[in-house]
Amino acid sequence: MKKLWAFALLAAGLALPAQAQEAADSVAPEMASGNTGRQLVTAKKFMVVAANPHASQAGFDVLKAGGNAIDAMVAVQLTLGLVEPQSSGIGGGAFLVYYDAEAGKLTTYDGRETAPASATPELFQNENGEPLKFYDAVVGGLSVGTPGTVKLLYDTHSKLGSLPWADLVAPAIKLATDGFKVSPRLNALITADQERLSRFETTKNYFLPGGTPLPVGHLLKNPEYAATLTAISQNGADGFYSGDIAKSVVDTVQSAKGNPGKLALEDLANYKIKERTAVCAKYRVYEVCGMGPPSSGALTVGQILGQLNSYDLPSMNSGDPNAWRLIGDASRLAFADRGRYMADSDYVPMPTKGLIAPAYLKERGELLSGDKALSKEQVAPGNPTWDHAMLLADDESIELPSTSHFSIVDANGNVVSMTTTIENGFGSRLMTNGFLLNNELTDFSFPTHSDGVPIANRVEPGKRPRSSMSPTIVMKDDKPFVVVGSPGGSRIIGYVATTLVANLDWSMNIQEAISMPHLINRFGTYDLEKGTAAEKLQPALDAMGYKTNIRDLNSGLHGIVITADGLQGGVDPRREGLALGE
């Protein structure tokens with residue numbers, strides 16, 4: 001793709017859905033990790049960066065028609081639920097970080113799934129009180145939480161949107177009716193998961209017609225999804241949370257063969273979106289802002305960067321092992337706090353302010369002053385300032401990668417940073433009315449206590465499971481500067497933090513920062529991205545005392561930088577996304 005390819009086509013009025021499809025068809029199922037083939041895209045007025053060309057096109061068309069960032073968000077998400085069903089959709093949940101340019105206000109909206117009212121703390125334990133194996137809990141109805149995405153889209157549009165709701169739902173209805181070509185990536189993911197996908201007849205018939213994975217290039221139509229969206233178009237969120245669709249969702253969950261769940265009609269009817277204050281941490285001259293509890297994203301990204309404030313990373317570079325020692329151990333310390341303290345603060349008291357207090361992070365950062373990896377004993381939860389006393393044990397939840405992220409800036413300067421998910425790839429593997437249902441409840445800790453001490457992220461009725469989703473807006477001089485986020489399970493936090501270091505400290509443009517090889521350390525082992533320059537750092541990191549592991553690290557970072565000269569967009573080369581702007 002030539003530099004400014006997308007912008008040039010759009011400025012000439014030549015960007016059509018067919019070209020978006022061509023872009024999707026050309027993307028390999030798993031692009032070479034660390035591939036720097038993508039080039040920076042620039043625009044003057046507006047931009048959307050999403051994980052699939054069809055979704056980017058849908059958002060671009062809305063912005064081109066005069067819609068705002070919230071309008072485009074609706075079109076992007078509903079399209080992603082069709083063309084990238086394994087990652088997100090209306091059967092899941094999302095977090096939105098939003099900047100309102102007119103009000104000059106940054107806020108967040110929590111569309112995270114909730115545990116059913118009938119759920120108990122022992123939901124994922126067997127009759128002997130032992131935790132279930134992860135996939136024994138995932139596949140089926142037991143893992144399904146109350147979906148939040150439709151409510152998030154509808155409620156925020158009702159408050160902040162500008163174009164008619166039905167006009168924003170229409171593009172996804174048309175694409176579901178007319179069909180889209182199966183991409184190499186979707187084919188590869190179906191192929192890898194076909195055993196689990198084949199356990200439920202509806203899911204099997206859609207993804208494995210005739211018993212084989214949907215082939216690349218197959219024109220895939222989804223009339224059931226079109227019908228669902230038509231009901232939502234006509235009746236708003238009520239079209240999803242009540243009536244025939246709601247009954248079908250509940251029936252699918254409660255009758256899941258071998259693993260029924262507890263979701264009930266009352267859970268859908270009672271679901272609420274929560275507007276929450278953004279969590280912002282200081283990093284040099286910036287405020288790095290994002291989603292607070294029940295997400296651990298903004299707090300943990302903020303902790304990593306806050307610990308690095310005292311170190312001269314700008315004098316280093318991405319090839320300096322000492323830079324990665326600092327980043328890696330700052331991450332390990334932040335994850336120790338995450339495991340001890342972070343959960344749904346509506347249910348569990350949390351030292352939210354204390355965790356990102358500059359004095360606390362400076363103290364934690366002093367642990368990084370040596371030249372060797374911190375020992376296991378040194379990487380322990382800290383003692384942030386509390387508003388009250390609380391005794392908690394360390395979390396034992398598992399969070400595997402899937403999810404999607406998109407970033408939008410409209411012509412008026414409104415900004416959307418949204419990370420959206422059904423949790424594991426293909427979620428619970430349950431499908432109804434043309435969409436997959438989430439397995440979000442497995443983001444809770446399966447054990448409820450450790451040595452008699454309660455775990456903050458245990459299952460409780462109505463509670464929202466802790467997440468690592470990190471939709472981020474970096475503020476500079478009280479204005480949005482960087483918009484970014486990623487899928488990737490608990491590695492999301494590292495993907496976002498290191499991308500910001502690359503952009504803010506190492507002067508990489510947003511595309512270079514996103515394409516940079518990944519090095520991620522959460523719990524002690526340093527993951528180095530296979531097939532990239534990260535592998536060259538293995539001997540130095542080993543000598544520092546780290547255990548290292550070379551592996552694929554399939555992020556999905558999508559970002560925008562807002563400059564005085566316009567917008568700069570970056571797309572993760574590891575996926576099939578597209579940046580479009582004008």
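Note that this is a predicted model, so its numbers are computed, not measured.
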Going from [atom1] on [X] to [atom2] on [Y], what distance comes out if it is rounded to the nearest 0.5 angstrom?
X: Thr156; Y: Tyr98; atom1: OG1; atom2: OH; result: 9.0 Å
X: Ile510; Y: Thr42; atom1: CD1; atom2: OG1; result: 14.0 Å
X: Tyr241; Y: Tyr271; atom1: OH; atom2: OH; result: 6.0 Å
X: Ile173; Y: Leu229; atom1: CD1; atom2: CG; result: 5.5 Å
X: Asn414; Y: Ile408; atom1: CG; atom2: CD1; result: 11.0 Å
X: Met73; Y: Asn68; atom1: CE; atom2: CG; result: 9.0 Å

Do any N or O atoms from the side chain of [X] and from the backbone of [Y] form a donor-acceptor pair under 3.5 angstrom?
X: Arg575; Y: Asn554; answer: yes
X: Asp344; Y: Arg464; answer: yes
X: Ser248; Y: Asp244; answer: no
X: Arg429; Y: Gly427; answer: yes
X: Tyr347; Y: Pro461; answer: yes
X: Arg38; Y: Gly577; answer: yes
X: Lys463; Y: Arg458; answer: yes

I would like to know whether Thr420 and Gln77 meet side-chain hydrogen bond (donor to acceptor under 3.5 Å, both in side chains); could you show each step before the answer?
CA-CA 8 Å; Thr420 170; Gln77 176 61 90; 2.5 Å; yes

Quick one, Asn457 and Met342 - any side-chain contact, counting heavy atoms below 4.5 Å?
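Result no, sub-4.5 Å side-chain heavy-atom pair not found.
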
Contact check, side chains of Leu504 and Val482, non-hydrogen atoms, under 4.5 Å:
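Heavy-atom side-chain distance check passes, below 4.5 Å.
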
Let me have the donor-acceptor pairs involving side chains of residues 493-502, under 3.5 Å, with sequence neighbours excluded, atom names and distances please.
from   : atom 1 : to     : atom 2 : distance (Å)
Thr498 : OG1    : Gly494 : O      : 2.7
Thr498 : OG1    : Tyr495 : O      : 3.3
Thr499 : OG1    : Tyr495 : O      : 2.7

Taking side chain to side chain contact (heavy atoms under 4.5 Å, CB included) as the definition, give me every residue that meets it alongside Ile422, ordered by chain and number, with sequence neighbours left out.
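Expected list: Leu436, Asn438.
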
All side chain to side chain contact (heavy atoms under 4.5 Å, CB included) counterparts of Ser407, not counting sequence neighbours
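By the side chain to side chain contact (heavy atoms under 4.5 Å, CB included) rule, Ser407 matches His405, Val483, Ile560.
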
Does a side chain donor of either Ser417 or Thr472 reach within less than 3.5 Å of an acceptor in the other side chain?
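There is no such pair between these side chains.
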
Between Asp443 and Arg112, does at least one N-O distance fall below 4.0 Å, as a salt bridge requires?
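So Asp443 pairs with Arg112 through a salt bridge.
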
Can Lys282 and Glu287 be counted as an ion pair, charged N to O under 4.0 angstrom?
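Result for this pair is yes, salt bridge flagged.
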
Just one of Thr419, Thr421, Asn424 clears the side chain to side chain donor-acceptor pair (under 3.5 Å) bar with Thr403, so which one?
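Exactly one option meets the side chain to side chain donor-acceptor pair (under 3.5 Å) with Thr403, and it is Thr421.
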
Is the gap between the ring centers of Phe240 and Phe435 under 6.0 Å?
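Yes: the rings meet the under 6.0 Å criterion.
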
